[in-house]
Amino acid sequence: MLNLVFILISCLFAEPLKPFTEDIYVKLHNQFDLISSPSGQLTAHVDRSYDESSSKFIYILTVIPIIGLPVKSTFADAAISDLVWSSKEKYFYGIVTSSTGSSIRKFDADTLDSSIVNTYPLAISRLAVSPDDTLFAFVCNVYNGLNIERTALEKQKRSLSGKDTMEFTIGPVREVNVITDQTLARGFLYTTNTNKTIQFTPTDATGLANKIIDMPRRFSFSPSGKTIVYASSASSKTYGSTTSLLYLYHISNETTVRLTTSNGLMEVMPCFDPNPSQNRVLFHSTVIANYGQDQFDLTVYDLNTNTTTYLGYLFPSGIERSYWTTHGGHSILCINQHIARQYVSLVDPDAKTRMIPTETYSVLEAALVSDRGQPCLVLIESRSDRPPSLVFCSVSPTPSPTTDFYDPNSEIIQPYHFVKPIECEWVGGLGDTIHGFFFPPATVSANPRQTHKAPLLVLIHGGPEFLHADRWEPMWQVQMFCHRGYACFQPNQHGSTSYGRHFRESVMGHWEEAGFEDVMKGVGHVLSRFEDVVDATRIGAMGWSYGGYLVNCIQARTALFKGLVNFAGVFDLSWQHSQTDIMEFQECEVGGWRPWERRDVYKRMSPSYNISSAATPTLFMHGLLDFRVPIVQSIGAFHASQAQGIPSRLVVFKDDSHHIVVPDDIKRWYQEILGWMDAWV
């Protein structure tokens, strides 16, 4: 009796839980482009936040000494990106882009005063700088045969003339810029000694220059500054190909040679060893031909011996990023995946050994620094219950726990109680063990004595080669739903990354059966394990891309769920094959077949042929500019639901593509999801 009185009194006087809403979510700061100075005594990064009063992103350039106070510079009417530290400690470079074009800037690390290196009338990106600071390589989208200035004039001319027709002789048609103005990414080199900019990517006999592959790192200069290594699509006749090779551009004689022969593989993110005594290139490579979503392995190519060293066995679940570094010994700094987290490791490329990894959560970017002569790490790190922030840890002799280094979100999130994940495992499809995360509603997490049960939302990730990790998710932000009173479940079904190559590849040809069974058995596990928290009669599911495909399967095959949300989900795989911008990838996912070769396979795997018994109310959402999963997929699924009298809506975001990135659209996106689930679940 006394316990009951205590609970009632506690509930009566307990401070109400402050709800975490979409308005707060869009205000959070994101950090990127983390770099460190040659000595390791300074770091620089870009901080981006959204200002609702002006409806603009605000960019803050920040330099932080390992010992000392930060120095900041705000860009309210321009974006800053692509930071590169000079070989000189005092300076670094970046690209500043506004509505009138881009400029390469040189920044003073002490004051953040800047000077302009050169300006361009179009947006440029992916900056690389030679060791002597006289050469600058970057990417710009231009018309074939035109330089940057002439492309800008042609764009203006076409805009004034109202020209809106285009023709294509090479496919697949890819990316928004290709659809809207037929420009393609090219590599350019600016030389300060001559004040000239040239295009250095090759043009083949058909007149189409090889497309520069879209990866975080495009170019790298050799230690001498005489050569550039870069990744580019292997075929000039299929610029939507998932195949890429490495090329060397020799600056003195302006010639390009192919460095590798990939036989349908992807070789990306090349980087020269900064050690002048070495002549080798670090890069990431796949092992399955024409499979753009394959796992990347760490690889080193020795230009002196023309030999390749594969270090993929050090990271069985794949590599995300890698950097050469010389602080604390010559090694490779890597960000790698393992069991739904992203870790940092140091690799000795000569001994081919992996050193002790840091005990961190999900690392987005990393920089090796020096603190009183000892190698340390500054990381951009996040958790499910904490937005990205900069943290610090030592790595020698053993990794230390991380400590806060810079967190612009701390004051914003301080009033909110964020839910920590509970890890789950169950036996799913194909008899394999499946891993995922369960989140109780924020009210239960804050007050474990709460007695009423909560509805459950199942959040299904896309890919299928993607994952739910213990990180601050960019889509399906779980804290938003937990604060609305929902329990949430994130299954990492077959195809998910971080669980090894076999698990990742096992989904190919089994999209509908393995993924569907993983999710359904996972829901059963959650209902049994958390029966005191979850109301088994109120379950909803939502998915994006491949996750949306599984939502379509759920709608067609089970009545367990009360409401569904489908963002950019595949409805018919035959349509998807002919309309997506990654046709080769889609063929791999179906088992290597094209629709006219195995119509039965495409029919079996397509929800469009199995929807006759569907009944669950479904909200469909799609970005109008989506060429990965074209909008016709959601239109078709919506029409099929309407034809059968299923409660359904279609919401189209005209300024977004395969991801929702416009802040006002992000808020609307969450409002639509929560409104639909509140109504039906």
Side-chain angles (χ1 to χ4, degrees), residues 215-216 265-269 282-288 291-300 309-323 331-349 352-366 377 379-384 399 421 423-437 461-474 490-508 510 514-515 518 522 546-547 585 588-589:
M215 288 286 170
L265 306 181
M266 284 195 75
E267 298 171 341
V268 297
M269 295 185 67
L282 171 73
F283 64 99
H284 299 182
S285 62
T286 60
V287 299
I288 300 179
Y291 182 42
Q293 292 288 83
D294 191 17
Q295 175 176 301
F296 283 114
D297 288 337
L298 193 65
T299 312
V300 177
T309 301
Y310 294 98
L311 300 174
Y313 62 90
L314 297 175
F315 304 102
S317 297
I319 197 82
E320 290 292 302
R321 294 196 181 196
S322 61
Y323 318 80
S331 57
I332 302 171
L333 178 64
C334 302
I335 298 177
N336 59 286
Q337 292 186 342
H338 183 64
I339 313 295
R341 288 179 174 84
Q342 293 178 183
Y343 297 92
V344 174
S345 298
L346 290 171
V347 172
D348 182 338
K352 302 177 186 177
T353 57
R354 176 183 175 188
M355 302 174 212
I356 300 173
T358 57
E359 295 298 326
T360 58
Y361 285 84
S362 287
V363 178
L364 306 176
E365 296 186 30
L377 285 166
L379 311 171
I380 299 178
E381 177 195 79
S382 75
R383 305 192 303 259
S384 297
E423 297 192 50
C424 304
E425 286 189 345
W426 65 97
V427 177
L430 308 180
D432 293 330
T433 298
I434 311 300
H435 177 260
F437 297 98
H461 70 69
E465 295 82 0
F466 195 61
L467 81 161
H468 286 301
D470 187 3
R471 65 185 176 194
W472 191 260
E473 293 275 10
Q490 298 177 330
N492 277 328
Q493 65 273 3
H494 277 87
S496 300
T497 59
S498 83
Y499 299 96
R501 188 179 297 279
H502 172 74
F503 189 82
R504 183 181 187 133
E505 297 169 2
S506 61
V507 75
M508 293 192 294
H510 302 282
D518 292 342
Y546 170 72
F585 156 75
C588 284
E589 292 290 350

task = Begin with the C-alpha distance, continue with both residues' side-chain angles, and end with the deciding distance and a verdict on side-chain contact (heavy atoms from CB on, under 4.5 Å) for Leu346 and Leu333.
result = CA-CA 5 Å; Leu346 290 171; Leu333 178 64; 3.7 Å; yes
ask   = Just by modelled atom types, is the Pro316 backbone N or O under 3.5 Å from a matching donor or acceptor in the Gln295 side chain?
value =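 Yes.
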message = Is it the case that the side chain of Asp470 and the backbone of Arg383 share a donor-acceptor pair, with hydrogens and angles ignored and the cut-off at 3.5 Å?
response = no
Going by the rule side-chain contact (heavy atoms from CB on, under 4.5 Å), which residues pair with [X] if we only count those two or more places apart in sequence or in a different chain?
| X | answer |
| --- | --- |
| Asp518 | Ile434, Gln493, His494 |
| Ala469 | Ser362, Leu467, Arg471 |
| Glu320 | Ile335, Gln337, Gln342 |

State, with a plain yes or no, whether a side-chain heavy atom of [X] is found less than 4.5 Å away from one of [Y].
| X | Y | answer |
| --- | --- | --- |
| Gln490 | Glu473 | yes |
| Arg321 | Leu364 | no |
| Ser322 | Met269 | no |
| Leu314 | Ile319 | no |
| Thr286 | Phe296 | yes |

message = With rounding to the nearest 0.5 angstrom, report the CZ to OG1 distance, Phe466 to Thr497.
response = 7.5 Å
task = Would you check, one step at a time, whether the test ring-ring contact (aromatic ring centres under 6.0 Å, His included) holds for His468 with Phe437?
result = CA-CA 8 Å; His468 286 301; Phe437 297 98; 8.1 Å; no
Shortest non-hydrogen contact from [X] toward [Y]:
| X | Y | answer |
| --- | --- | --- |
| Val347 | Cys334 | CG2-SG, 3.9 Å |
| Thr299 | Ser285 | OG1-OG, 2.8 Å |
| His435 | Tyr499 | ND1-OH, 2.6 Å |
| Pro349 | Ile332 | CB-CD1, 3.8 Å |
| Ser506 | Gly495 | OG-N, 4.5 Å |

task = List for me each residue that meets salt bridge (Lys or Arg N to Asp or Glu O under 4.0 Å) alongside Glu423, sequence neighbours excluded, and say none if there are none.
result =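 Arg341.
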Side chain to side chain donor-acceptor pair (under 3.5 Å) against [X], all qualifying residues, sequence neighbours excluded:
| X | answer |
| --- | --- |
| Tyr546 | none |
| Ser498 | none |
| Glu365 | none |
| Ser317 | none |

message = Between His284 and Leu298, is the side-chain contact (heavy atoms from CB on, under 4.5 Å) condition met? List the steps.
response = CA-CA 5 Å; His284 299 182; Leu298 193 65; 4.2 Å; yes
